[in-house]
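These notes concern the structure reproduced below.
Residue numbers begin at 1 in each chain, while the letters A, B, ... track the order of the sequences. Keep in mind that the numbers below use all heavy atoms, side chains included, and drop hydrogens, waters and symmetry copies.
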Protein chains: 2
Amino acid sequence: MPKGQPLNVPDDGLTTRQRRNRPLVMVHTGPGKGKSTAAFGLALRGWNQGWRIGVFQFVKSAKWRIGEQTVLERLGALHEETGEGGPVDWHKMGSGWSWSRKQGDAEDHAAAAAEGWAEIKRCLAAETYDLLVLDEFTYPIKWGWVSAEEVASELAARPGRQHVVITGRDADPALLEVADLVTEMTKIKHPMDAGQKGQKGIEW
Amino acid sequence: MPKGQPLNVPDDGLTTRQRRNRPLVMVHTGPGKGKSTAAFGLALRGWNQGWRIGVFQFVKSAKWRIGEQTVLERLGALHEETGEGGPVDWHKMGSGWSWSRKQGDAEDHAAAAAEGWAEIKRCLAAETYDLLVLDEFTYPIKWGWVSAEEVASELAARPGRQHVVITGRDADPALLEVADLVTEMTKIKHPMDAGQKGQKGIEW
């Protein structure tokens with residue numbers, strides 16, 4: 001965790017406090033594990049700060065439900081009950097939409113992805129959330145269903161104080177350019193290499 | 001997320017189900033962000049499965065309290081109240097122990113770290129938890145306060161079905177050897193590079 005003095009102090013006319021409180025665009029990319037898991041870990045931190053959390057999950061399948069959804073929705077309900085933490089909305093983008101182009105009809109997927117992005121734009125304009133998690137959002141961009149340049153310019157121009165974290169492999173250079181923080185997760189070793197399949201609690 | 005058939009099927013006499021359910025040692029290392037955050041994200045998944053979660057945090061300072069501690073302890077309390085999820089214990093290893101050797105007395109730190117490791121060994125032998133998060137545990141190993149070889153052999157010989165995730169930079173080769181899954185978090189871009197300091201909700 002970074003601490004102490006930053007390496008460079010930019011000549012941007014901001015005070016340290018203003019610079020510190022600048023909202024961030026974060027990208028978790030690369031072929032390794034932990035991209036989404038770290039994003040949901042960030043959502044935990046944000047919830048604890050009382051932030052309004054919006055998850056936009058570009059899901060493998062509408063039936064797919066990961067443990068994080070259950071827990072974050074439970075934390076959102078806890079906020080409603082007791083006022084602890086912040087509210088949580090979990091959006092599955094495009095019911096039945098899948099990142100696998102092998103299933104279903106590509107045009108439907110493209111339309112569902114475009115509608116998902118339109119919803120994200122509406123939320124950004126309305127400043128609905130303090131932290132937006134755009135989970136696996138690199139894929140509809142990669143497949144040309146959503147324009148990387150438009151995403152980058154919308155993010156750069158977003159109003160107020162909205163943190164955004166985007167996960168997925170092969171993040172577009174336009175995303176990396178607009179991001180304040182980019183982490184690449186690299187696979188050094190994985191149980192699949194030793195013939196082990198995924199298991200509950202670890203992979204979902 | 002891995003799916004489908006593994007690349008290799010080892011000749012280890014295990015069925016796919018047995019192999020799938022094998023407990024894992026996971027290491028999150030490298031200089032990038034997301035090592036601890038992804039580990040606590042895994043703890044969310046495990047909690048949702050009803051697992052007993054034990055966090056052993058080799059903390060920067062006893063006063064340091066990260067958002068994940070508040071939330072995971074809250075989830076543990078929720079388990080007590082309603083039976084949802086699993087129980088959570090959060091151990092700060094060595095009150096006042098710090099990963100910064102610049103502060104305080106190195107011998108005290110070494111003794112506190114050794115005691116922390118002794119507690120982890122007791123929990124492993126007693127099979128107290130289903131998932132153990134050893135947060136920033138690479139540092140006491142790196143500084144010679146805990147033997148990497150002993151950690152590796154204890155982990156390899158641990159009884160029952162205990163998942164273990166270890167976070168921190170510069171993981172010892174003995175840890176990587178015993179691990180089933182190793183992810184390296186690489187820093188591509190960080191706000192510190194642009195003169196921005198850490199902020200609440202993002203860094204803690």
Side-chain angles (χ1 to χ4, degrees), chain A residues 1-3 6-10 16 19-22 24 28 30 32-34 37-38 40-42 44-49 51 66-68 70-71 74-75 78 84-85 131 163 176 179-204, chain B residues 1-3 6-10 16 19-22 24 28 30 32-34 37-38 40-42 44-49 51 66-68 70-71 74-75 78 84-85 131 163 176 179-204:
Chain A
M1 196 167 302
K3 51 185 301 191
L7 294 175
N8 311 297
V9 176
T16 299
R19 204 175 297 116
R20 174 189 288 245
N21 287 329
R22 215 163 38 179
L24 300 178
H28 297 173
K33 256 182 78 71
T37 323
F40 294 123
L42 269 182
L44 274 194
R45 288 187 185 163
W47 180 86
N48 186 54
Q49 295 291 345
W51 291 358
I66 59 176
E68 289 93 330
T70 303
V71 180
R74 185 67 186 89
L75 290 170
L78 201 60
E84 292 167 89
L131 171 66
H163 297 289
L176 304 185
D180 302 288
L181 190 150
V182 179
T183 303
E184 181 169 274
M185 277 66 169
T186 308
K187 184 188 84 165
I188 306 292
K189 200 175 186 184
H190 195 283
M192 292 282 286
D193 302 335
Q196 186 163 3
K197 297 178 95 176
Q199 59 183 304
K200 70 178 179 181
I202 301 295
E203 305 286 346
W204 62 84
Chain B
M1 198 168 302
K3 50 187 301 190
L7 294 174
N8 313 296
V9 176
T16 298
R19 205 176 295 117
R20 175 190 287 248
N21 288 328
R22 213 163 40 178
L24 299 178
H28 298 172
K33 255 184 77 74
T37 323
F40 294 122
L42 269 181
L44 274 194
R45 289 188 183 161
W47 180 87
N48 185 54
Q49 295 290 345
W51 290 357
I66 59 176
E68 289 93 329
T70 303
V71 181
R74 185 68 186 88
L75 290 170
L78 201 61
E84 291 167 270
L131 172 65
H163 298 288
L176 304 185
D180 301 287
L181 189 151
V182 178
T183 302
E184 181 169 274
M185 276 67 168
T186 307
K187 184 187 84 164
I188 305 292
K189 201 174 184 183
H190 195 284
M192 292 281 285
D193 302 336
Q196 187 165 3
K197 299 178 93 174
Q199 58 182 304
K200 70 178 179 182
I202 302 295
E203 305 287 347
W204 63 85

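- Using a 4.5 Å cut-off between heavy atoms, H163(B) contacts chain A through its side chain alone, with no backbone atom that close.
- For the pair T37(A) and L42(B), the tightest heavy-atom approach, listed with the atom from each and the gap, is CG2-N, 3.3 Å.
- With chain B as partner, the option from A179(A), G85(A), G46(A) having the largest number of non-hydrogen pairs under 4.5 angstrom is A179(A).
- Of all the heavy atoms in V71(B) and L44(A), the pair that sits closest is CG1-CD2, 3.4 Å.
- In terms of the salt bridge (charged side-chain N to carboxylate O under 4.0 Å, His left out) criterion, residue partners of E68(B) (sequence neighbours excluded) are, by chain and number, R45(A).
- Nearest heavy-atom pair across M185(A) and G34(A) is CE-O, 3.6 Å.
- Contact annotation for L176(B): only backbone heavy atoms (N, CA, C, O) come within less than 4.5 Å of a heavy atom of chain A.
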